[in-house]
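Written below as structure tokens is the structure these notes are about.
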Amino acid sequence: MSPRLLTLSRFTTTTATTITTKGIHSYRAFSSKLTPSNYAFAFDIDGVLIKGKRTIPEARSAIRMLNGDNALGRKVPFVLLTNGGGVTEQAKAEQISNMLDVQISPEQVVLSHSPMQALVDQYKDKNVLVVGGKDRECFEVAKGYGFNNVIIPDDIHHWQSSVWPFRHPSRDSLSPDADSLDFSKIPIGAVMMFHDSRDWGRDIQIMLDVICSENGVVGTQKGDCTVQEIPIYFSNNDIIWSTEFPVPRLGQGSFKMALESVYKTLTGTNLQSTSYGKPYPTTYAFAEQVLGRINNGKKPSRIYAVGDNPAADIQGANNYGWSSILVRTGVFQEPGNSSHFPATSVCQHVEEAVKWVIQQEEGKNES
Ligand code: G3P
Ligand code: MG
């Protein structure tokens, strides 16, 4: 083992404090206090590290290797860059740490909606409809980001059950002030989809109600529905994604297509919207900033993205100038490389990908 490589092993783990909506938490932050690394990783979660409730076995050893369990005893910086979300970065870090039995800090987690924090300045005090996720978890996430006036579809449904007469929302999923909200007096300024809808029909209906309303007031309808005034933001555009089910599941991108199709049929015009998440550059710029922070302030020269979805993970990494590694444990199952979005390299699973990169990197003669 060369002395040069040994000196690169001085990554340390420090304790930091973060304030979330649920209180003050201490966590062990990943940081490289002494020697920043020249390279880093960005891992997709679903289909690379886990599949639904099941851990992909090779993920444990892959992450342990980067946390210092390797021949050189050195840490390599990494983030989890997922199009998933619907929970806080803290909750996702805990979930993945538990499933993989490794230490991952919230600062290493980039969720689909994490970069949407940039919208807070613009919408801080406006009424924002936050769609998707389980119960009112996305309400809490949006509040935690700093959006002060968050509305969720369940609150609108609770206000008037005739909005979607086929079922009633459960009390547990309502926001704390739901009983006092009169939506005939609340103009909604923007719609933000944070996670997959739990009721596509109801949520498409409510989103259309807002988009086609007079000044964002649900229950009104503006004269010219072809002019769209309320901005819409999606946190990811995945048509499909991978779970423990044998074939891929429909994602938020499919929901978006359904909404667009109904809107086009009703108005004759295309729905305008902005999307975050992979493969969009805003998300990669955000992830690169995070990697720079955890790499002692230095942006790594080379970033390796490991993903299972060519359209999201590989396309996004290639376009942003990162190296891309496609694995076969999730959405992608074809022989060879992806024909639409070829990756820099294809590996069976995440452990093989990590070993391949370390081998490449350790062969480089850098100071
Ligand atoms: O909703 C989750 C999904 O669309 C994909 O997550 O980790 O594969 O980017 P991930
Ligand atoms: Mg994936």
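Whatever order the structure lists ligands and atoms in, that order sets their numbers, starting from 1.
- Here's the thing with Leu81: none of its N/O atoms is less than 3.5 angstrom from an N/O atom of ligand 1.
- Listed by atom number, the atoms of ligand 1 under 4.0 Å from Thr82 heavy atoms are 6 (O), 7 (O), 9 (O), 10 (P).
- Using a non-hydrogen distance threshold of 4.0 Å, Gln252 does not register as a contact of ligand 1.
- Its N, O or S atom nearest to the Mg ion (ligand 2) is what matters here, and for Asp46 that atom is O.
- For the pair Asp155 (side chain) and Leu174 (backbone), a donor-acceptor distance under 3.5 Å is absent.
- Close approach of ligand 1 to Gly84 (heavy-atom distance below 4.0 Å) involves ligand atoms 1 (O), 2 (C), 6 (O).
- Residue-level proximity to ligand 1 for Asn236 is carried by the side chain, the only part with a heavy atom below 4.0 angstrom.
- With hydrogens and angles disregarded, no donor-acceptor distance shorter than 3.5 Å links the side chain of Ser197 to the backbone of Asp203.
- Between Lys278 and the options Asp44, Asn236, Asn83, a side chain to side chain donor-acceptor pair (under 3.5 Å) holds for only Asp44.
- Between atom CG of residue Asp46 and atom CG of residue Leu80 there is a gap of 11.0 Å, rounded to the nearest 0.5 Å.
- Using a 4.0 Å cut-off between charged side-chain N and carboxylate O, Arg60 and Glu351 make no salt bridge.
- In this structure, the separation between CD on Gln108 and CD1 on Ile294 is 5.0 Å, given to the nearest 0.5 Å.
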Just do the salt bridge (Lys or Arg N to Asp or Glu O under 4.0 Å) check on Lys299 and Glu288 with the steps written out, would you? CA-CA 7 Å; Lys299 193 191 114 186; Glu288 233 174 49; 3.6 Å; yes
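- The shortest N or O to N or O distance between Trp241 and ligand 1 is not under 3.5 Å.
- Every atom of ligand 1 is numbered from 1 in the order shown, and the set under 4.0 Å from a heavy atom of Asp238 is 3 (C), 4 (O), 5 (C).
- Each of the atoms 7 (O) of ligand 1 lies under 4.0 Å from some heavy atom of Ile45.
- In terms of polar-atom proximity, Asp46 is counted as a contact of ligand 1, with an N or O under 3.5 Å from an N or O of the ligand.
- Atom OD2 is the N/O/S atom of Asp44 found closest to the Mg ion (ligand 2).
- The closest approach of Asp308 to the Mg ion (ligand 2), by N/O/S atoms, is made by OD1.
- Aromatic rings of Tyr284 and Tyr320 (six-membered ring for Trp) have centroids within the 6.0 Å cut-off, being under it.
- Within 6.0 Å of the CD atom in Gln359, the count of heavy atoms belonging to other residues, nucleotides or ligands does not exceed 12.
- Residue Asp196 places a heavy atom less than 4.0 Å from ligand 1.
- Considering both main-chain and side-chain atoms, Asp313 never comes within under 3.5 Å of ligand 1 through any nitrogen or oxygen pair.
- Near Lys278, meaning under 4.0 Å from one of its heavy atoms, ligand 1 places the atoms 9 (O).
- In this structure, OH in Tyr276 is found 16.0 Å from CE in Met193, a value given to the nearest 0.5 Å.
- Near Asp44, meaning under 4.0 Å from any of its heavy atoms, are these atoms of ligand 1: 7 (O), 8 (O), 9 (O), 10 (P).
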